[in-house]
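Here the structure comes first, spelled out in C-alpha cells, and everything after it is commentary.
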2 protein chains.
Amino acid sequence: MSEKISTAGPGRKTPAEGKDTPPRVRLSQRAIVATAAGLFARQGFGATSLDDIGESLGVTKGALYYHVRNKEEILKLIFMTVLTVSEEPLRRIAEAEMPPAQKLERAIAHHVAVAADRSPAMTVFYREEVHLNGPFAREIADRKKAYERLFEVIIEEGQAAGFFRPGLDPKIATFGILGMCNWMSQWYRAGGTYGPEQIAAMFSQIVEGGLLLPA
Amino acid sequence: MSEKISTAGPGRKTPAEGKDTPPRVRLSQRAIVATAAGLFARQGFGATSLDDIGESLGVTKGALYYHVRNKEEILKLIFMTVLTVSEEPLRRIAEAEMPPAQKLERAIAHHVAVAADRSPAMTVFYREEVHLNGPFAREIADRKKAYERLFEVIIEEGQAAGFFRPGLDPKIATFGILGMCNWMSQWYRAGGTYGPEQIAAMFSQIVEGGLLLPA
DNA sequence: GTTAAATTTGAACGAGCGGTAGAATTTTAG
DNA sequence: CTAAAATTCTACCGCTCGTTCAAATTTAAC
C-alpha cells in the first residue's frame, strides 16, 4: 500500500532539470493515477480498460506495469490521494480553539474545497468503493469513519456548548452535511456559476440557519 | 423500453391462483430486476455477472433471457422503477395547495421514503448511471432534472411568499437537500436506529431551521 | 561513444463474460 | 392423456480485458 512512491528512477534527471522542463509529461505513477481518476470518474472503474488509460497517456498498456503493480493499485492510489488530502486539514480544524459555528463552517469549506479541487478522484472515491477488497477496504472504511467522526464531534461540542439545537442526532446531522457536500460529485463542474467558497457559504447558511426566515 | 411488461404468460395461472399461491417465487422480470438490483448495489453493475443473477434466483443464466432482452435492459428497468415510484407522488405534492414549508417537508419525507424503501435500486440509480447510453440515458437525465426542478420550484415559491430566506440560489439549495437524502444510499440500512420518517424529520429540521439556536 | 540502467513495446495467453441456439423439460388448456 | 405453449438447460462462440515477458528502445553516466 505504501511502498515506493518515487516517481523518477536514477536515470531520470537531465542536468538542467528541476526548474524548467515541463513540456512533455513523463509517464509516472502520479500521471497514471491522475489520468485514470478522470477516466474512472467518467466511465466507471470496470468500464475503463488499461488500454484506455494507456491511450490517454500516449503509451501502450504494457508500459503502465512498470509504474504500477496492477489495475487495482491504481484504484487504491486514488483512494489514498483523497484521504491524504482530506484528513489532516480537517483534523487541524477540529482541534482548533474556535466557536463551534465557525468550526463547522470551516469544516464544510474544507470538505467542499476538496470535493471541487479533486472532483474526479472524489467521484471515484464515493462510487467505486465496492471494488476494494481485503484489508485495504477495511482501512479505507475505518479512515472514512474517523473522518466523519470529526464532524460529529464538532456538532456534539456545539450542542454541549448550547449553540446548536439539542436533540438532533449528530450522526444523522453529519450524514446530512457530508451528503450535501459529497453530492457535488454529481453536479459540480469547475468554471460553473459558483466557486467552492460560494457553494460552501450557501451550504453553511442552510446547515446553520436553515431556509426558514424567523417569523 | 416499454414493450411487454407482462409477468406471466398465457399458460401461467393455476386454477386456484390469484389469492393464495405465494410459496415459491416464480421467475419473472420483476424478480430478476429486484434480485439484480440487490447484486448491483452490493457488487456494482460491471462486477455482477448474469451467472451471479441466475444463481441468486436458482436458475441458469440462459433462463434469464426469456424474460429480459439483455443485461442492459435489467439496468434500464431498475432506473424505470425508481423514476416511476418517485415522480408522481412528488408531482402531487408540488401541485398541492399548501404552505411552502409544509410542501418542502412532505417532499423531503417522500424522497427519503423512496430512498429507504427502494434502497438497492436507489443505490444503483445514482451509482451506475454511467452505464446508460443512447436515448435512454438522455431520457433518464431529463426526468431526473425535471424531478429536481420540482424541489427548486417549491423553494422559489417559499422565497417569493416571504417564508424562505431570499438570496439563496434555489438550485444549490435543491442540490444540497437532494444530496442529504440521496446520500442515504451510503449509510442507511433497514432496521437501523431510525426509520425513514424520523430521518426525514431530522433532515427537515436541519434544512428549515438549521443547527444554530436563535441567540 | 559506450555501457548499463531505465523504460517502453509488442505479442501472446488465459480467464471471464455477455449472448445465442437448439434440445430438453415443465406447465397449461382441452 | 395429449398437444402446444411456455420455460429452462446445456453447450458453445467470440470478444474483451488484465496480466506477463522477452525483446527493443530510450536515457543517463562516464
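Numbered from 1 within each chain, the chains take letters A, B, ... in sequence-line order. When reading the values below, keep in mind they use all heavy atoms of this one structure, side chains included, and skip hydrogens, waters and symmetry mates. Keep in mind it's a predicted model, so treat the numbers as computed, not measured.
Summarising the geometry, the separation between CG on B/L64 and P on C/dC17 is reported as 14 Å, rounded to the nearest angstrom. At whole-Å resolution of the value, CD in A/E55 and P in C/dT8 are 17 Å apart. Atom NE2 of B/H131 is separated from atom P of C/dG18 by 11 Å (rounded to the nearest Å). Atom C1' of nucleotide D/dA6 and atom OH of B/Y66 are separated by 5 Å, given to the nearest angstrom.
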Assign a letter to each nucleotide of nucleotides 10-24 of chain D from its 5' end: B, base within under 4.0 Å of a protein heavy atom; S, sugar-phosphate only; -, no contact.
B------SBBB----
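The pair B/E95-B/R91 does not count as a salt bridge, with every side-chain nitrogen at least 4.0 angstrom from each carboxylate oxygen. Between A/E152 and A/K145 there is no salt bridge, since none of the side-chain N atoms of the basic residue sits less than 4.0 Å from a carboxylate O of the acidic one. Salt bridge status for A/K76 with A/E73: absent, with no side-chain N to carboxylate O gap under 4.0 Å.
No cation-pi contact links B/K144 to B/Y126, judged by a cut-off of 6.0 Å to the six-membered ring centre and 45° from its axis.
Remark: A/H67 is not in phosphate contact with C/dA6, judged by side-chain N or O atoms under 4.0 Å from OP1 or OP2.
Between A/W183 and B/W183, the angle of the ring planes goes over 60°, which puts this pair in the perpendicular group of the 30/60° scheme. A tilted orientation is assigned to the rings of A/H111 and A/Y147, their planes being inclined by 30° to 60°.
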